[in-house]
Amino acid sequence: MHRSFVAASLAAALLSGTALSASAAEYFDRIASFPITANLAKDQDQKGDTVAEIISASEDGRLLVYTDSPRKELGFIDIADPANPKAGGTLALGGEPTSVKVVGGRAYVAVNTSESFTSPSGKLVAVSLADRTIAAECPLPGQPDSVAANAGVLAVAIENERNEEVNEGALPQLPAGSLVVASLNGDQVDCAALRTVSLTGLAAVAGEDPEPEYVDVSDQGKVVVTLQENNHIAVVDGKTGTVEAHVSAGTVDLKAIDTRKDGRIELTGSMEKVEREPDAVHWIDANRFVTANEGDWKGGSRSFTIFNRDGSVAYESGASLEHEIVSLSHYPDKRNKKGVEIEGVETGRFGNDMLIFVGSERASVVGVYRDTGAAPELVQVLPTGIGPEGLLAIPSRNLFVATSETDLHGDGGAAPHVMIYQRAERAAPAYPTIRSAKNPGGLPIGWGALSGLAADKSQAGRLYAVTDSVYGAAPRILTIDATKKPALITAETLVTRGGAAAEKLDLEGIALARDGFWLASEGNLEKGVKNLLVRVDAKGAIQEEITVPAELEKGAKNYGFEGVTVTGSGADETVWLAVQREWADDGRNAVKLLAYRPSDRSWKAVRYPLDATQAGWIGLSEITAAGERVIVIERDNQIAEKAAVKKLYAVSLADMKPAALGGELPLVQKTLVRDLQPDLKAARGYVLDKVEGFAVDAAGNAYIVTDNDGVDNSSGETQFLKLGKL
C-alpha cells in the first residue's frame with residue numbers, strides 16, 4: 001500500500017460504463033489544499049522527502065492525523081475551519097508508519113521497524129491525541145501495512161512484503177504475512193491480547209506466502225483483508241479470529257484500453273484475464289465490500305470491484321472509470337502498463353446517499369460514486385495532489401479528504417498536499433473546467449498538455465488548442481466549445497506530414513491562417529530538432545515548415561518558440577513568434593519577439609523585457625493579437641506556494657516595429673493587463689506552474705488554459721478559465 005458536473009447538458013458527453021446523475025443536487029468542491037511541507041519545523045531538512053499517505057480524523061472531525069513514512073513521523077492538521085487548515089506539527093514514531101486509525105482519544109499507528117525483508121518486525125503505537133504523545137506500544141509479529149478498527153475490533157495486516165529485486169519479485173518469499181486482531185475496550189487495546197490469525201493455505205497463488213495488504217472492519221466486527229500479490233480476499237471474524245470465507249479476487253477482461261507507451265492515447269488495445277490483485281478494500285454494508293484493483297505484481301485491472309460477502313462479484317467497473325479519466329486529461333500515457341492504477345477506496349453515508357470514493361494513483365483523481373445496490377452511479381471526479389493514497393470520508397461535517405504521496409518539492413516541483421472537499425447543494429461542481437466528447441468510434445477523445453490557444457474569428461466560444469511533445473507521435477489540433485460548462489473538446493485534427501502523423505513536433509502555439517493554421521513548434525537543438533513555424537491546412541496537412549535564419553539559430557537554445565499570432569493582412573501580414581527565454585545573443589531579462597512576413601519570407605524582431613525573479617526562471621508562454629495590441633503570458637517556472645509571476649502583459653502594436661536581424665533590436669514597452677495568480681488560486685488547489693494558452697474569442701471574451709504535462713510528474717489537473725472581457 002505505502003509502496004507505494006455535472007449539468008444535464010453534458011449527459012451526451014459521458015462515456016462508457018456508469019453515467020453521471022443529472023438529477024443530483026449535492027456535489028463536492030475542493031475548499032482547501034494543505035502542503036505537507038508546512039508541517040516541517042525550522043530545524044528540519046526542508047528539502048528532504050515528506051509525504052502524506054494514510055489519513056484518519058478525530059471523532060469530531062476537527063483534527064486530521066496522517067502518516068509520513070520517509071520522516072518516520074505522524075503529522076497533524078487542524079481543520080476546525082476546514083477551508084483554512086493549520087499546521088499541527090508532527091510526532092516521531094521510531095519507525096516507518098504505514099497506516100493510522102483514530103479510535104476515541106487515541107490514534108493507532110502501524111509502524112514498520114524491519115531490519116530487512118527477511119527479518120520483518122513492527123509495532124502498534126497508540127498516540128494520545130490530547131497531548132500528542134505516545135501512550136503505549138505493542139510489538140507486532142512482522143511488518144504491518146494497514147490498520148483498521150470498528151465495532152470494538154482492531155485489525156492489522158502484517159504484510160511481510162516481498163523484495164521486488166529478488167527473483168523479479170516472484171512469490172514465495174518467506175516469512176509469510178498474517179492478520180492481527182484485538183478487542184477494543186473503549187479506545188484501549190491490551191497488548192497481551194493481540195491475536196495472530198494465520199492466512200496461509202488459502203490462496204491458489206503462493207498460498208504458503210500470503211501478503212496481506214489492506215484491512216477494513218464492518219459494523220458487525222467482520223474483517224475483510226486483501227492479499228494483493230496472492231490475488232485473494234478473506235473475511236475473518238474479528239472477535240474470534242476465525243476465517244469465515246475466502247475467495248480468489250479473480251480476473252478481468254479489458255477492451256478499448258491504451259496498452260502502448262508511444263506518445264499517443266489510443267484506446268484500441270485489449271488484455272485478457274488480468275488479475276485484479278486488490279489493494280484497498282472497504283465495506284459498503286454488512287454484505288458487500290469494494291476493492292481497488294491496483295495490481296502490484298502481475299495484475300492491475302485498472303478497475304474497482306464490488307464483491308458480495310461470499311466472494312461473488314456484484315459489480316465490476318472494467319475500463320469505465322479509466323475512459324472517464326481519459327476524457328478529463330488525467331490519463332498517464334507514460335505509465336500505462338497498468339493504466340490509471342486504482343489504489344484507494346473509501347465509503348461513507350452522506351445524508352441519504354452511500355458514497356463510494358475510488359482513488360487513482362497514476363491519474364491523481366478520485367471518482368465519487370453513489371451506491372444503488374446494483375451498478376453504482378458516477379457522480380463526479382475530484383482532482384487531487386499527485387499520487388493520492390489516503391482517502392477519508394467525514395460525513396458528520398460533509399467533508400472528504402485526500403492525501404498525496406508523490407513528493408517533488410526537493411526538485412522544485414509540487415510537495416504532497418492534503419486536499420479537503422466539502423459537499424453542498426450546487427448547480428454543478430467546479431471541476432472539471434474542460435473535458436472531451438466522444439470520437440466517432442464512441443470512445444473519449446484523448447487529450448492533455450494543452451500548450452497554445454487560438455480563437456475562431458467568426459464564432460464566439462469556438463477555440464482551437466494544440467498538444468505538445470508529450471503526444472509527439474500524434475500532434476493534434478483540438479476544437480473546443482467554450483460555451484459549454486465545462487468547456488468541451490468536440491473534435492481532433494491530426495497534424496500530418498506526407499499523409500502520416502508529423503512526428504518530432506513540439507507544438508506550443510497556434511494561430512489562424514487564411515486557409516488553416518500557423519503552428520509554433522519548439523526546438524530541442526541538443527536532439528537535432530529545430531524551432532519551426534509550420535503552416536497547415538484546415539485538415540492538418542503540413543503545407544510549409546519554415547526554419548529561422550542560420551545566423552539567428554546560432555544563438556538559439558532549447559527553450560524556443562512558445563506562441564504564435566498574426567497581425568496585418570495581405571502583403572503586410574506578419575506572423576509573430578514568442579521565444580520563451582533568452583537566447584545567447586539576448587543578454588539578460590529580455591527575449592525576442594520574432595516577426596516573419598510571408599509575402600517576402602523576411603525575418604525581423606523586437607526585444608521584450610522580462611520581469612525579474614527571485615527563484616527559477618521567467619519566460620513567455622503565449623502571444624495573442626487582440627485589437628490594437630498583442631498580449632503575452634509571462635510566467636515563472638514555480639509552482640504552488642513558490643509561484644510568483646503568472647501575468648498577462650500587453651504591448652501596443654504601434655510599438656511593435658521590428659528591425660532586421662543582426663543589428664540593434666528595439667525594446668518594446670509592456671503594460672500589465674492581469675495578474676493571473678488570483679484566478680489560479682480560486683480553484684483552491686495549489687497554483688499550477690504552466691499557464692500556456694491565451695485567446696480572445698469573437699465576442700471579446702478572454703480565456704486561459706494550463707498545460708498539465710500529460711500527467712508526467714503532474715497531477716493532470718487542467719484549469720481552463722474564462723476571464724471575460726479584459
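By the 4.0 Å N-to-carboxylate-O rule, Lys298 lies too far from Glu277 to be salt-bridged with it. Salt bridge absent: Glu622 and Arg635 never bring a charged side-chain N and a carboxylate O closer than 4.0 Å. Asp49 and Arg71 are not joined by a salt bridge, as no carboxylate oxygen comes within less than 4.0 angstrom of a charged side-chain nitrogen. Ion pairing between Arg362 and Glu341 holds under the 4.0 Å rule for side-chain N and carboxylate O. With salt bridges taken as basic N to acidic carboxylate O contacts below 4.0 Å, one links Glu229 and Arg162. Using a 4.0 Å cut-off between a side-chain N of Lys or Arg and a carboxylate O of Asp or Glu, Arg264 and Asp333 do not qualify as a salt bridge. Here Asp353 pairs with Arg423 in a salt bridge; the nearest charged N to carboxylate O distance falls below 4.0 Å. Using a 4.0 Å cut-off between a side-chain N of Lys or Arg and a carboxylate O of Asp or Glu, Glu492 and Arg476 qualify as a salt bridge.
Separation of the Tyr686 and Phe34 ring centroids does not fall under the 6.0 Å cut-off. Taking the six-membered ring where the residue is Trp, the centroids of Tyr703 and Phe694 are separated by 6.0 Å or more.
Within the 4.5 Å cutoff, side-chain heavy atoms of Phe720 are placed close to those of Leu453. The shortest distance between side-chain heavy atoms of Tyr331 and Asp258 falls below 4.5 Å. Ile55 places none of its side-chain heavy atoms less than 4.5 Å from the side chain of Val65. In this structure, Val365 and Val381 have side chains that are in contact, with non-hydrogen atoms separated by less than 4.5 Å. The side-chain heavy atoms of Arg435 and Lys484, taken from C-beta on, include no pair separated by under 4.5 Å. Put simply, the side chain of Leu507 does not reach to within 4.5 Å of the side chain of Ser469, judged on heavy atoms. Side-chain contact check for Phe350 versus Asn398: some heavy-atom pair is nearer than 4.5 Å. Between Ile306 and Ile284, the closest side-chain pair of non-hydrogen atoms falls below 4.5 Å.
Between the side chains of Thr490 and Asp481, no donor N or O sits under 3.5 Å from an acceptor N or O. When only modelled atom types and interatomic distance are considered, Glu53 and Ser69 share a side-chain donor-acceptor pair under 3.5 Å. For the 3.5 Å distance criterion, the side chains of Arg276 and Ser301 fail to qualify, holding no donor opposite an acceptor. Judged purely by distance below 3.5 Å, without hydrogens or angles, the side chains of Gln228 and Glu294 pair a donor atom with an acceptor atom. Donor-acceptor pairing under 3.5 Å is lacking for the side chains of Asn112 and Thr98. No side-chain N or O of Gln46 forms a donor-acceptor pair with one of Gln44 less than 3.5 Å apart. Side-chain atoms of Glu316 and Thr305 include a donor-acceptor pair closer than 3.5 Å. Between Asn708 and Ser329, the side chains place a donor N or O and an acceptor N or O closer than 3.5 Å (distance only, hydrogens not considered).
The one candidate from Leu399, Leu63, Asn84 that meets the side-chain contact (heavy atoms from CB on, under 4.5 Å) condition with Ile79 is Leu399. Looking at Asp709, Asp707, Thr718, Thr706 one by one, the single match for side-chain hydrogen bond (donor to acceptor under 3.5 Å, both in side chains) with Lys690 turns out to be Asp709. With respect to Phe289, the ring-ring contact (aromatic ring centres under 6.0 Å, His included) criterion is satisfied by exactly one of Tyr214, Phe304, Tyr315, Phe307: Phe307.
Sorted by first and then second residue, the pairs that involve residues 408-421 and meet side-chain hydrogen bond (donor to acceptor under 3.5 Å, both in side chains), not counting sequence neighbours, are Asp407-His409.
Residues passing the ring-ring contact (aromatic ring centres under 6.0 Å, His included) test with Tyr66, sequence neighbours excluded: none.
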